[in-house]
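Before any comments, here is the structure.
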Amino acid sequence: MKRRIIALLIGAALVTLVIPAAVFSVESTVSCTVSAYLVSLSVDDGSVDYGVLALGQNRNTALYDLTDNPDGMAAPQTQTITNTGTVAEEIRVKTSNAIGTANWTLNWTYGEDIFQSEYDLDTSQHSGSGQLGWLPFLAADTYALPWAGEDVPPGTVRYLELRITMPVSVTDYGIHNITVTVEALAA
């Protein structure tokens with residue numbers, strides 16, 4: 001009897017090994033999408049001509065107005081910045097020293113061969129009324145503080161006005177070139 005039980009157990013074990021158990025599986029899928037983001041901007045028209053200015057004189061790119069902007073221009077040279085990227089961007093600006101035969105140094109004040117430069121970045125172009133909110137560039141080739149920490153959405157425009165205050169005295173009366181750089185960072 002013991003042999004029969006042992007033989008039955010061995011037989012059952014062999015049948016279990018020979019006949020695999022039924023295996024069930026279920027599949028499902030996950031749909032994934034991805035896009036690369038683009039940080040990009042454009043500046044139009046990219047050029048400012050302040051003209052010939054007297055020592056100590058101010059001139060800015062915004063529209064002239066006798067009351068609110070007497071140092072503006074009859075034909076304004078406002079720079080239009082557009083977020084051409086796919087994500088919100090933080091816009092920053094910096095300026096260089098004035099490069100000529102004898103360079104003029106940018107400073108928050110002005111003096112001999114020292115000039116002052118400021119900017120205003122706004123959601124609308126200056127219409128001639130209302131004061132501009134000038135912010136000084138404190139040092140050459142250093143980005144000014146971000147504009148109010150605002151994230152500029154894709155496709156959105158900002159208007160950049162620039163203002164210069166001439167040195168009180170100069171050693172070089174020739175043409176000087178200033179480079180203003182506009183940078184976009186992903187917000």
Side-chain angles (χ1 to χ4, degrees), residues 40-84 89-150 152-184:
S40 177
L41 61 78
S42 67
V43 179
D44 187 37
D45 75 341
S47 178
V48 170
D49 182 359
Y50 288 114
V52 178
L53 302 177
L55 296 177
Q57 182 181 1
N58 292 326
R59 172 77 44 90
N60 70 69
T61 59
L63 179 65
Y64 169 83
D65 180 79
L66 181 61
T67 304
D68 289 322
N69 194 27
D71 297 322
M73 297 182 172
Q77 295 186 41
T78 303
Q79 301 300 300
T80 303
I81 301 169
T82 305
N83 176 348
T84 57
E89 297 173 352
E90 177 184 298
I91 295 174
R92 303 188 318 167
V93 291
K94 70 178 178 178
T95 189
S96 69
N97 288 319
I99 306 303
T101 303
N103 296 341
W104 300 341
T105 303
L106 173 73
N107 202 322
W108 59 273
T109 186
Y110 53 91
E112 182 179 1
D113 289 334
I114 299 173
F115 75 103
Q116 187 179 41
S117 184
E118 298 161 287
Y119 72 100
D120 176 78
L121 194 60
D122 208 338
T123 57
S124 59
Q125 189 170 1
H126 181 67
S127 63
S129 63
Q131 298 292 319
L132 293 156
W134 296 113
L135 298 170
F137 290 105
L138 300 177
D141 303 318
T142 301
Y143 283 104
L145 296 175
W147 178 57
E150 179 182 341
V152 179
T156 303
V157 172
R158 293 294 182 262
Y159 299 94
L160 175 65
E161 304 292 359
L162 298 167
R163 177 165 75 174
I164 188 170
T165 301
M166 292 291 288
V168 293
S169 63
V170 295
T171 54
D172 174 11
Y173 286 88
I175 294 174
H176 285 71
N177 294 304
I178 301 168
T179 300
V180 174
T181 304
V182 181
E183 177 184 57

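Residue numbers run from 1 in the order of the sequence given. Values in this document were obtained by computation on a predicted structure and should not be read as measured data.
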Should [X] and [Y] count as side-chain neighbours, where that means a heavy-atom distance under 4.5 Å?
| X | Y | answer |
| --- | --- | --- |
| Pro167 | Tyr110 | no |
| Leu121 | Ile81 | yes |
| Asp122 | Arg158 | no |
| Leu106 | Asn97 | yes |
| Gln79 | Asp45 | yes |

Checklist entry - Testing Thr82, Val182, Asn83 for side chain to side chain contact (heavy atoms under 4.5 Å, CB included) with Leu41, which one passes? => result Val182
Smallest separation among heavy atoms of [X] and [Y], with atom names:
| X | Y | result |
| --- | --- | --- |
| Asp172 | Asp113 | N-OD1, 4.4 Å |
| Tyr159 | Gln125 | CD1-N, 3.4 Å |
| Pro76 | Ala74 | CD-O, 3.4 Å |

Distance in Å, [X] [atom1] paired with [Y] [atom2], rounded so as to fall on 0.5 Å steps:
| X | Y | atom1 | atom2 | result |
| --- | --- | --- | --- | --- |
| Asn177 | Asn103 | CG | CG | 10.0 Å |
| His126 | Thr78 | NE2 | OG1 | 8.5 Å |
| Leu138 | Lys94 | CG | NZ | 14.5 Å |
| Thr105 | Glu112 | OG1 | CD | 10.5 Å |
| Thr101 | Tyr173 | OG1 | OH | 13.5 Å |

Counting N and O atoms only, with roles assigned by atom type, does the side chain of [X] sit under 3.5 Å from a partner on the main chain of [Y], one being a donor and the other an acceptor?
| X | Y | value |
| --- | --- | --- |
| Gln77 | Asp49 | yes |
| Asn69 | Leu63 | yes |
| Ser96 | Thr179 | yes |
| Asp120 | Glu161 | no |
| Asp71 | Asn60 | no |

Item to check | Gln116 versus Asn107, side-chain donor and acceptor atoms under 3.5 Å | outcome: no
Checklist entry - Can Thr165 and Asn58 be counted as having a side-chain donor-acceptor contact under 3.5 angstrom? => result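 There is such a pair (donor and acceptor under 3.5 Å, judged by atom type) between the side chains of Thr165 and Asn58.
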Next on the checklist: Students often mix this up, so state it plainly: with edges at 30° and 60°, are the rings of Tyr119 and Phe137 parallel, tilted or perpendicular?
Outcome noted: tilted
Checklist entry - With sequence neighbours left out, what residues match Leu53 under side chain to side chain contact (heavy atoms under 4.5 Å, CB included)? => result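 Scan of Leu53 (side chain to side chain contact (heavy atoms under 4.5 Å, CB included), adjacent residues dropped) gives Tyr50, Gln57, Arg59, Ile164, Met166.
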